[in-house]
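Labels below follow one simple rule: chain letters A, B, ... track the order of the sequence lines, proteins then strands, and each chain is numbered from 1. Side chains included, hydrogens not; waters and symmetry mates left out as well; all remaining heavy atoms used.
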Amino acid sequence: MSEEPAPAPRPASLLAVAAILVLLSLFWVLAVGVYARHRPAAPQNEAPENLPKELAWKATPESRRDYLADLREKQMNQAGSYGWVDRKAGVVRLPVERAMELVVREYGSRK
Amino acid sequence: MKAEVTPADSRSRAPLLLLLLFGLLWLVASGLLGLVASVQLHSPRFLSDCAVLTYGRTGALAETAFVYGWLANAGLALALWILGRLAGEPLRAQGWALAGAVFWNLGVAAALFGVATGDATGFALLGLPGYVHLIMLFSYSAIAVSGILAWSGRLREVPYASHWYAAAALFLFPWILSIAHVTLFSAPARGVVQAIAAGWYAQCAWTLWLAPLGLSVAYYVVPRVTGRVLPSYEFASLGFWCLIFVGGLTGGRHLLGGPVPAWIASVAVVSSALLLFHTFVVLLNLRGCFSGGGIAIRFISFGIAAYIVGALAGAATSFHGIAAHTQFTHFDEAERQLALYGAASTLLFGGIYFALPRITGRAWLSGGLVRAHLFLSVAGILLLVGSLGAAAVIQSQDLSEPAVAFAAIAGHTRPWLVGATAAQAVLLLGNIAFTVNFVGTACTVLKLSEPASFNPPSAMEAPAP
């Protein structure tokens, strides 16, 4: 059986190929190039000098570590020392160990 | 005698065979990795001293190789083949498709290397590390050039359903990957929004990319094998647009009960129910496949059945009452395997069994390997989904009993997880048989120099068991 040779593929114009590639990558360009670039950065991705004072501690790993150390020191002091919480109302702060003793004594004295 | 090998087949061989060959190699690789991950699920000490092959990595490696290696390569090859055939001429811009295929698979290899060395993302169906996304996007676009040129040069002004699904998959994947990349990698959303974005991507990858690739094959092959016009074809466009508009909204059903706004879960539940219309149309159009013969139609009928069962299960488990029993169990994995393996993969198997003889002009090399592949695939998928489903039922019952410890739950589900491992081994054997048969058949084209057209259609079909 004789057979005609199959025709060669028609050439595709470079313009058509470029248009298709642009079309398919348009989402990427819009999403990454436009949306992501103009989206407000998270504090941890922002330079410290560009952040407001109350968020400046979030800027770098060092500043976050320092902030956490300060916070823990403050909390440890509060949990282990005497002080006024509200002098007018007569509310005081006392060490946790002492507070536990008082609670145990109070509950132990109940019948 | 009508030629079964058209110019669109014989002059488009190079990119199609290359994509299919890459796909099959990744299929075998994913099978091996899936087998290791499955063993580790019930025997955690297996290869636990090798960091590269610990469970967290083997699971992600197997999934990535399967989805982006096997399903993507085979799905793209068949989409290009279908679009080329419907255009009635050889694929244009084949150099772009060839280059795209090479770079896509380099991207997959780089992604697997990244996952193996600890860069897995932890997102379902998006295990690809962020740094390979750009190469994946551009290589996918390069492959799609041939398909889109064929689509725009189609013979018929009003496209067929197989056109719609193939073109939709080509256009939509770059979009969903771009959105996922921005929201999860380049400018990651914070907190719970990240889980919502990841759920959206996983659902879109299935409903807007992998499912259309598989359905395109079914809509193309079924009328040609059965020799009948698809029944109720006028509904096909409604089913297609239902999938496109509603499919992406169902991602929130996996977040039921989670710390997300309630409307997200509610929209997902409603969308899952609406998507049943699409499923119903697919069944209505393709019901002829259940009465057809031949190996391609056997695979496609199994794939369509799995697709419908998966859609019904997905809709049912999106309701709070049922989700309360299926969430956080092996049911999610069973559902995923039913969709990816049972539906998408078997539809592509059917497409390849139909397409390869036409692309090469040669019948399949071994009928025995074809029958072995069909038997092992069907048995493996049923065993895999059945085992995981049974494990999910036991897990669900045990989780609702506060007195049952987690270690005891693992012990109760172990026999079924061993069954799932056996299923993975069966599937791997079947896929090795398929790959050997494919390579042998494709090699005959390289050995024989004479044109291979004008084989009778009956010689193109592998014998049905």
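Remark: A:Glu106 pairs with A:Arg110 by the salt bridge (charged side-chain N to carboxylate O under 4.0 Å, His left out) rule, at least two apart or across chains. Partners of A:Arg87 according to the side-chain contact (heavy atoms from CB on, under 4.5 Å) rule, which considers only residues two or more places apart in sequence or in another chain, are A:Trp84.
Proximity to chain A involves both the backbone and the side chain of B:Leu134, based on heavy atoms less than 4.5 angstrom apart. Using a 4.5 Å cut-off between heavy atoms, A:Ala31 contacts chain B through both its backbone and its side chain. Using a 4.5 Å cut-off between heavy atoms, A:Leu30 makes no contact with chain B at all.
Considering only heavy atoms from C-beta on, B:Pro174 stays 4.5 Å or farther from A:Trp28 through its side chain. Within the 4.5 Å cutoff, the side chain of A:Leu21 has heavy atoms near those of the B:Trp96 side chain.
In this structure, the separation between CZ on B:Phe171 and CZ on A:Phe27 is 8.5 Å, given to the nearest 0.5 Å. The CG atom of A:Leu24 lies 8.5 Å from the OH atom of B:Tyr140; values are rounded to the nearest 0.5 Å.
Applying the 6.0 Å contact sphere to CD of A:Glu97 captures no more than 12 heavy atoms from other residues, nucleotides or ligands. Around CG of A:Leu14, the count of heavy atoms belonging to other residues, nucleotides or ligands within 6.0 Å does not exceed 12. Atom CZ of B:Phe185 has more than 12 heavy atoms from other residues, nucleotides or ligands within 6.0 Å.
Taking 4.5 Å as the heavy-atom cut-off, the residues of residues 145-153 of chain B that approach chain A are B:Val145, B:Ile148, B:Leu149, ordered by number. Residues of residues 73-81 of chain A lying under 4.5 angstrom from chain B, judged on non-hydrogen atoms, do not exist here.
The choice from B:Leu137, B:Ile179, B:Thr183, B:Leu91 that makes the most heavy-atom pairs within less than 4.5 Å of chain A is B:Leu137.
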